[in-house]
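Down below is the structure, laid out as structure tokens.
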Amino acid sequence: MPSAAVAYRACDPGFKTTGRNRDAMCRDPFAEALAEKLSARLGIGLETIRGAMERPPKPEMGDYAFPCFMAAKALRAPPQKIAASLAAEFPAMGLSDMFERAVATGPYLNFFVNKGRFAASIVNGILDAGERYGSSDVGAGKTVIVEYSSPNIAKPFHVGHLGTTLIGASLSRILASLGYNVVRINHLGDWGVQCGFQLLGWRRWGSEEALRRGGIQYLCDLYVRVCRESEKDPAMEAEARAMFKRLEEGDAELLAVWRRFTEVTMNELEGSYRRLGVEFDLVRGESYYHKPGLEMIAELKRKGLAEESEGAVVVKLDDERLPPCILLKSDEATIYATRDLAAAVDRAKTFGFHKCLYVVDVRQSLHFRQVFAVLKKMGFPWAAGLIHVSFGLMRIQEGDQVLAMSTRGGQMVPLKEFLDRMAAVVRCIVEEKNPELGEHEKATVAEAVGVGAIIFQWLSKRRNSDSVFDRHKATDTRGDSGPYLQYTHARACSILRKFRASAERSDAVVTATAESSPLTGSAPAGGSSPGPACSSRAAAPGAVPPGVPLRADPSLLSHPTELKVAMRLRDFPAAVLSAAEQYEPCVISSYMLELASEFSGFLDACRVLSQDESLTRSRAALVAAVATVLRKGLYLLGIPAPEKM
RNA sequence: GCCCCGAUAGCUCAAUGGAUAGAGUACCGGCCUCCGGAGCCGGUGAUCCAGGUUCGAAUCCUGGUCGGGGUACCA
């Protein structure tokens, strides 16, 4: 019998599919066997049956379900009757080694698997696949660009930047695990009129000495001061705009200051990204696309698409029922649309992308619709692969008020401050729960769990809903949270450590020969740019005894909680795929909570380490499979998975 | 005005047109002779309104209500 991991073949993301659980249900050997029999019996295509297979809402109803609505149409009989007659025929269908029975529940035909065989099949499949479980090669040969984070220069990295940064980083990992060649781009906001404001502030009040002392916050303060004063004094705003214009014209003195701003910003960003575990393949400012943008405008004019209007150069988009896309302002300075157009063309040329994702907040949706429309008008076939992955706004709770986050208004929390506070909160908990850890270990764990709490919070809801940042709630580590997942993983690791220790003492397990863990074995197909499936940071190896052929015995894992866990483990590849299709990391977050909670239920109901040697081995195999999937899921979200906490 | 997004339990969030709408938190009650209690088990509690499509709607369509965002030279 093929293992679940080997038999699983995912569909291409974006491939239109219908039916609940379609992939989860259609690619493991149990579902496959059912689909084949039902297809032959009903004369309905195999693919159709696969797409219709479901998982019953409650375990006591069954393990697989076939809704008979489609068969009702084909056979012109009520679905209830079809379900009943199929249930009666089931014992003769020759599936008794895999399934205990089938029962009709209304229009549904529900199947009960042979618990032990099913659980062992899934668990052993995962142990064979290791960290590649849930990965696939559907994206092989296709390049996907993910643009995310993209903060403006000369401002501190703050919690408002977390949405794009964490969603983008997670989507990158998810897509890479499906075999896509992912190019992660940080499109720095280093150009535009805000640079004029910053330069003006510097020219009026700035000093290198103060910059050395105050760092990026000093630059930000200057910027805020200019903004405040130019609200009262329109002449000042005009001066700032003129300064950006001069920057575009290549003023050497301004360029030197601007470069200094970029340098300071990069230093600041590096620390933030390192703490969050976020990486990029290409960090390139908008400024890079200033000149190509001007060339774009010339080309658009040649093609007759760009025209002058109210003193600006625009592309009219009336046929798309969109406002015109402005390319050149009436002062002849460029605008972000110009640079985005040039960047897209450059990326198409350089990478030949299948898709290009822009992880940018929802306020820019009109902007992207305009830019995409212009590129379509220009006749680029790849324009169809441009996707704005938008996300909702985050406001901040200040006392009784809910305010928009803004640098200028001062309603923002610098990331550094937030991460430090989070780590301090966790540190207290570690101190209480695990005082025997060493000093260094405590600090490492506090950081990992603090960061995990933050990342999970951002990735556990659908992107497009707005949210409120509450300083107190944000630091809660109980309940459905990143720390809960990390804790569950650490428990699993702890049990496996004890299992390994006692196994070595009793010589019951073949002594390890291979030093390589499943984690470092082989990278997933096409995962070249981000490296192996799991980096050492977000997923530490070593939970499974290296080289030990840990197996689950088909006759031993028959407790209801064991079946529940196995079912959930089986669903993992479908969850990864669904997250990619929807560009929604929260699909994986939700999955992980289910898995962790069901696994905790199992630990409560069943003792893993016992006198019964073979039962212990089978249960340890289950624990190892869960640990593998938890680690992989945490990795895909970008959350560290410490083995102790 | 027009366009986009959202509305599910007191609060924060899930739910692929499918069966009795699922968690956490808060509140009430249980569980440590405990492999990690940052946990487990139970209880209370919800689909904004009105139509429509469908065998079947939180989900799709139409019209409202409320909230957020955008709407020509910011990003």
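Chain letters run A, B, ... following the sequence lines, proteins first and then strands; every chain starts at 1.
- Taking atom CG of A/Leu247 as the reference point, atom P of B/A75 lies 13 Å away to the nearest angstrom.
- Listed nucleotides: B/C35, B/C5, B/A19. Nearest to the side chain of A/Asn464: B/C5.
- Salt-bridge check for A/Arg478 with A/Asp476: passed, with a basic side-chain N closer than 4.0 Å to an acidic carboxylate O.
- Within 4.0 Å of A/Pro67, counting heavy atoms only, lies no atom of the nucleic acid at all.
- Within 4.0 Å of A/Val314, counting heavy atoms only, lies at least one base atom of the nucleic acid.
- Place A/Arg321 and A/Asp331 on RNA chain B by their nearest nucleotides, and A/Arg321 ends up nearer the 5' end.
- A/Tyr336 pairs in a ring pair (Phe, Tyr, Trp, His ring centres under 6.0 Å) with only one of the listed residues (A/His290, A/His187, A/His367), which is A/His367.
- The listed nucleotides are B/C40, B/A72, B/G37; the one nearest the side chain of A/Asp604 is B/C40.
- With rounding to whole Å, A/Arg55 atom CZ is found 13 Å from B/G22 atom C1'.
- Within 4.0 Å of A/Asp190, counting heavy atoms only, lies no atom of the nucleic acid at all.
- With distances taken from any side-chain atom of A/Pro323 to the nucleotides B/U71, B/G36, B/G18, the minimum falls on B/U71.
- Taking the C1' atoms as reference points, B/A15 lies 13 Å from B/A46, given to the whole Å.
- Remark: the separation of the P atoms in B/C55 and B/U25 is 42 Å, to the nearest Å.
- Taking syn as a glycosidic angle within 90° of 0, B/C28 does not qualify and is anti.
- We find the CG-CZ distance between A/Asp612 and A/Arg619 to be 8.5 Å, quoted to the nearest 0.5 Å.
- A straight line from CD of A/Glu584 to P of B/A14 spans 8 Å, rounded to a whole angstrom.
- Distance from the side chain of A/Ile326 is smallest to B/A72 among B/A19, B/C74, B/A72.
- Within the 4.0 angstrom heavy-atom criterion, base atoms lie near A/Val430.
- Taking every side-chain heavy atom of A/Arg339 into account, B/A75 is the closest of B/A72, B/G36, B/A75.
- What separates NE2 of A/His187 from C1' of B/A75 is a distance of 10 Å, to the nearest Å.
- Using a 4.5 Å heavy-atom cutoff, the side chains of A/Gln370 and A/Glu320 are not in contact.
- Both A/Arg363 and A/Asn152 lie near RNA chain B, and the one whose nearest nucleotide falls closer to the 5' end is A/Arg363.
- When atom types are taken as modelled, the side chain of A/Asp190 and the backbone of A/Ser287 share a donor-acceptor pair closer than 3.5 angstrom.
- Contacts of A/Gly192 with the nucleic acid, taken as non-hydrogen atoms under 4.0 Å apart, involve only primed sugar atoms and P, OP1 or OP2.
- Between A/Arg395 and A/Asp466 there is a salt bridge, since at least one side-chain N of the basic residue sits less than 4.0 Å from a carboxylate O of the acidic one.
- Dashed line: the shortest gap from a side-chain N or O of A/Arg619 to OP1 or OP2 of B/C35 is not under 4.0 Å.
- Of the listed nucleotides (B/A19, B/C34, B/U20), B/C34 has the atom at the smallest distance from the side chain of A/Arg607.
- Among the atoms of the strands shown, none is found under 4.0 Å from any heavy atom of A/Thr488.
- Taking every side-chain heavy atom of A/Tyr487 into account, B/G39 is the closest of B/U20, B/G39, B/C4.
- Annotation: B/G51 and B/C3 have their C1' atoms spaced 25 Å apart (nearest Å).
- In this model, the phosphate group of B/C40 is approached by a side-chain N or O of A/Tyr484 to a distance below 4.0 Å at OP1 or OP2.
- A salt bridge does not link A/Glu613 with A/Arg617: every distance from a Lys NZ or Arg NE/NH1/NH2 to an Asp or Glu carboxylate oxygen is 4.0 Å or more.
- Among the protein residues, A/Leu393 comes within range of the sugar-phosphate backbone only, with heavy atoms under 4.0 Å from sugar or phosphate atoms but none that close to a base.
- Looking at A/Cys606 and A/Thr561, their side chains come closer than 4.5 Å, going by heavy atoms from C-beta outward.
- Salt-bridge annotation for A/Arg228 and A/Glu231: absent, with no side-chain N of the basic residue lying under 4.0 Å from a carboxylate O of the acidic one.
- Nucleotides B/A21 and B/G37 have their C1' atoms positioned 30 Å apart, rounded to a whole Å.
- Proximity note for A/Lys58 (side chain, C-beta onward) versus B/A19, B/C13, B/G22: the nearest is B/G22.
- Nucleic acid contact class of A/Cys606 (heavy atoms, under 4.0 Å, all strands): base.
- Under the stacking definition used here (centres under 5.5 Å, planes under 30°), the residue A/Phe69 qualifies as stacked on the base of B/G18.
- Using a 4.0 Å cut-off, no side-chain N or O of A/Arg463 falls inside it from OP1 or OP2 of B/C5.
- For the P atoms, the distance from B/C34 to B/G29 is 26 Å, rounded to whole Å.
- Remark: A/Arg284 qualifies as a cation-pi partner of A/Tyr288 under the 6.0 Å distance and 45° angle criteria applied to the six-membered ring.
- Salt bridge absent: A/Lys564 and A/Glu598 never bring a charged side-chain N and a carboxylate O closer than 4.0 Å.
- One finds no side-chain N or O of A/Ser590 lying less than 4.0 angstrom from the OP1 or OP2 phosphate oxygen of B/A14.
- Computed from coordinates, the A/Glu54 CD to B/G18 C1' distance equals 6 Å when rounded to whole Å.
- In this structure, of B/A75, B/A19, B/U71, it is B/U71 that holds the atom nearest to the side chain of A/Leu366.
- If you check every strand for non-hydrogen atoms under 4.0 Å, A/Leu327 touches nothing.
- Taking side-chain N and O atoms only, A/Lys316 has no distance below 4.0 Å to OP1 or OP2 of B/A72.
- Side chain of A/Thr105 to main chain of A/Tyr108: no donor-acceptor pair is present (N/O by atom type, distance under 3.5 Å, no hydrogens or angles).
- Residue-to-nucleotide contacts include no donor-acceptor pair under 3.5 Å from the side chain of A/Ser460 to the base of B/A14.
- One C1' atom belongs to B/G36, the other to B/G42, and the distance between them is 24 Å to the nearest Å.
- Between A/Arg462 and B/G6 there is no side-chain polar atom (N or O) within less than 4.0 angstrom of OP1 or OP2.
- Across all strands, A/Val193 comes closer than 4.0 Å only to sugar-phosphate atoms, never to a base (heavy-atom distances).
- Only the P atoms considered, B/C49 is 23 Å distant from B/U44, to the nearest whole Å.
- Within 4.0 Å of A/Ala72, counting heavy atoms only, lies no atom of the nucleic acid at all.
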(Q) If a pair means Watson-Crick or G-U wobble with both distances below 3.5 Å, what does RNA chain B look like in dot-bracket form, with | marking bases paired to a different strand? (A) (((((((..((((....[...)))).(((((.......)))))....(((((..]....))))))))))))....
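- Nucleotide B/G68 holds its C1' atom 16 Å from the CD atom of A/Gln364, rounded to whole Å.
- B/A58 sits 11 Å from B/U20 when the P atoms are compared, rounded to a whole Å.
- Nucleotide B/C4 holds its C1' atom 12 Å from the CG atom of A/Asp466, rounded to whole Å.
- Side-chain proximity of A/Arg478 to the nucleotides B/C40, B/A26, B/C13 is greatest for B/A26.
- If you measure from atom CZ of A/Arg395 to atom P of B/G6, you get 15 Å, rounded to the nearest angstrom.
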